[in-house]
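Since the structure comes first, as structure tokens, the remarks are kept for the end.
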Amino acid sequence: MPKGHGADVAGSRQTGGVYAVLSRGPGGITLSEFDKDGRPLKPGRTVEHLATEVARLERDRPRWVWDDTSTWYPGLLRAGVRVERCVDLRLCRAILRNSALAAASELAAAPPDAWDKATPDARASSGALFDLDEPESTGGPVEEFARQRRTIAATSDPARIGLLLAAESAGALIAAEMRFAGLPWSSAEHDRMLTVLLGPRPRAGERPTRMLSLLERVRTILGAPDLNPDSPPDVLKALAAAGIPAESSRSWELQKIDHPVIGPLLEYKKLARLLSANGWNWLDANVTGERFHPDFVPGGVVTGRWASKGGGGALQLPKQVRGAVIADPGWKLVVADAAQLEPRILAALSGDRGMIEAGTADDCNLVTVGAASSGGDLYAGIVASGAVDTREHAKVAMLGAMYGATSGEAGRLLPRLARTYPRAIAFVEEAARAGERGETVSTRLGRSSPRGAVTGYDETATEADTSKRRTQSKSWGRFTRNFVVQGTAAEWALCWMAGLRGRLRAFGGDGFLTDEPHLVFFLHDEVVVHCPADRADAVETEIRAAAADAGRLLFGRLPIEFPLTVAIVDNYGEAK
DNA sequence: TATTTAAGCGCC
DNA sequence: AAAGGGCGCTTAAATA
């Protein structure tokens, strides 16, 4: 393992190493303290005023251990209490339960129990709350914490999995803090944009004027006065009746058709999407006090990416409306995204020197966006290597390699890419083959893919069965191929963000979260920090330093670069 | 009528 | 012959 894995993900010194376990029981909240080896420091005691007690103990910088950050931390934040670090037992359990690094541990062999269940909230929405078959609980947070410590100690690489668990838990804190702080949102600007594009806000159930006039044109051209444009079958029927053959009413299908109705129809669909997904109803439901409070779900995706839930659609915020994200007066938004993150992750994972070199700054491929950028444009570097002839081809070929494309342009370009970067391509190919064989694959830090549904061959299978299975196996191979890259990129992003949080905290001053520079948004490979204007340059420096830290945490001394595109703006829409 | 599924499209 | 990974949300359509 490369050097650097023992470092604390938040960039802070390890002090004391005290774990403060919080549990809820019939008798109220209990606090138990343990040393880093899991030995009890003092008898557990009942906590009367949680926020007060947490604030008092936080001065000793313990790691707070609780079942689920989303049920403990929001209340603490509302009470004005932040914590530096935690162990989220549910998130850690999910990783440890499945990790190949812990395959020989007691946890891997243990039967499923209540700790494997989703959060109570998710259980309620999935209708499984009253599952009478739920197995006997295998203890509270104290027992589970001890079990996880034993499991970690027994893994083949405790530092590696430990970094992942720390990053995952830090992510849970960050998600809660971002929801608490909220993304600055100008409802007036949002309304103005909607009015320009759609016309004034109509009464409930009515279409805005711009949509009505487009619809009128579509109905006239097609000779279908009763056409319901929001019903795909209805649209297909009307098109067919007008002699326009269409496979589906998908935009990219319609775009290929040369007919006067296509223009207004596509424009209608675009506006209909804006209205239903991010129109006035969205604004009413999701913006309060000029803040949008995104509901992130750390670890919500099998690969380790975050998911989101609720009508806000935090991870699908369209570029169209980002102009409504406006910094407070005297404040700025610092928007940073990692340039070509996934291809760089693949270069690092595979140790492909040529691809690493292609992503390294030199005269021919220096990133020109952001004056202080280090690191090159990876795609330009690939072009410079002679593997492909244009930047667009480099991009298509790389994405195809990571997603498992075999046909089309990506399929045609892949052999050339494989000749120039054999190790990188072999790496994803091997991940795909493993998936096809029904094996699991793992990310850099040890998150493993779920067991696939790929089954062995069976003599009684018909030819159709065999063919179907081959298709499924190929499909699962594309999943595992992508899993290693997407999952490791998610780990990099978690380390980046966790490190940034620590850095912002360290230079933030004495104010509470929202009085200081703080994270307000995250989008897989992009972060947004809201900060006083005079701190923006310093924040940019910290963001870049955190990215460099993340690269070292995952890949040690490997000379892989993770350049960022950083924009200091008043509104999110200005950042491209 | 209530709930589930599918289509379509937004994000990375 | 074709063969692109991961998500969530809204609306319409299908099903219970």
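Every chain is numbered from 1, with letters handed out A, B, ... down the list of sequences.
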Exercise for review: With heavy atoms under 4.0 Å as the rule, sort A/T471 into base, sugar-phosphate or nothing.
Suggested key: nothing

Revision key, fill the gap. Letter by letter from the 5' end, nucleotides 11-16 of chain C scores (B base, S sugar-phosphate only, - none; protein heavy atoms under 4.0 Å) SSS---

**Study point:** Aromatic-base stack, A/Y403 on C/dG5, cutoff 5.5 Å, angle under 30
**Key:** yes

Exercise for review: Starting from P on C/dG6, measure out to CZ on A/R481 and report it in whole angstrom.
Suggested key: 13 Å

Exercise for review: May I ask you to say what A/L317 touches in the nucleic acid, namely base, sugar-phosphate or nothing, with a heavy-atom cut-off under 4.0 Å?
Suggested key: sugar-phosphate

Practice item. Among C/dG6, C/dG4, B/dC11, find the nucleotide with the atom closest to the side chain of A/Q316. Key: B/dC11

Review point. A/E436 has an atom CD; how far is it from atom P of C/dG5, in whole Å?
Key: 12 Å

Exercise for review: Just call it for A/G310: base, sugar-phosphate, or nothing, with non-hydrogen atoms closer than 4.0 Å on any strand.
Suggested key: sugar-phosphate

**Study point:** Electrostatic pair A/R344:A/D525 at N-O distance under 4.0 angstrom
**Key:** no

Review point. What does A/V485 touch in the nucleic acid at a heavy-atom separation under 4.0 angstrom: a base, only the sugar-phosphate, or nothing?
Key: nothing

Check your understanding: Going by an N to O cut-off under 4.0 Å, is there a salt bridge joining A/R305 and A/E342?
Key -> yes

**Study point:** Any A/S308 side-chain N or O less than 4.0 Å from OP1/OP2 of C/dG8
**Key:** no

Check your understanding: Does OP1 or OP2 of B/dC12 have a side-chain N or O of A/K319 closer than 4.0 Å?
Key -> yes

Review point. Is there a donor in the side chain of A/R207 and an acceptor in the side chain of A/Y268, or the other way round, less than 3.5 Å apart?
Key: yes

**Study point:** Pair A/W496 + A/F522: ring centers closer than 6.0 Å
**Key:** no

Check your understanding: If you look at every strand shown and take non-hydrogen atoms under 4.0 Å, does A/G400 touch a base, only sugar-phosphate, or nothing?
Key -> nothing

Exercise for review: Ignoring backbone atoms, test whether A/S407 places a side-chain nitrogen or oxygen under 4.0 Å from the OP1 or OP2 oxygen of C/dA1.
Suggested key: no

Exercise for review: Would you mind checking if A/R322 and A/E574 are paired as a salt bridge, meaning a charged N to carboxylate O distance below 4.0 Å?
Suggested key: no

Check your understanding: Does a distance-only test, which skips hydrogens and angles, find a donor-acceptor pair under 3.5 Å between the side chain of A/R250 and the base of B/dC9?
Key -> no

**Study point:** NZ/NE/NH1/NH2 to OD/OE distance under 4.0 Å, A/E392 and A/K395
**Key:** no

Review point. Do any side-chain nitrogens or oxygens of A/R273 fall under 4.0 Å of OP1 or OP2 in B/dC9?
Key: no

Review point. With a 4.0 Å cut-off on heavy atoms, is A/K270 in touch with a base, just the backbone sugar-phosphate, or nothing at all?
Key: sugar-phosphate

Exercise for review: Return yes if a side-chain donor-acceptor contact under 3.5 Å exists between A/T440 and A/S449, otherwise no.
Suggested key: no

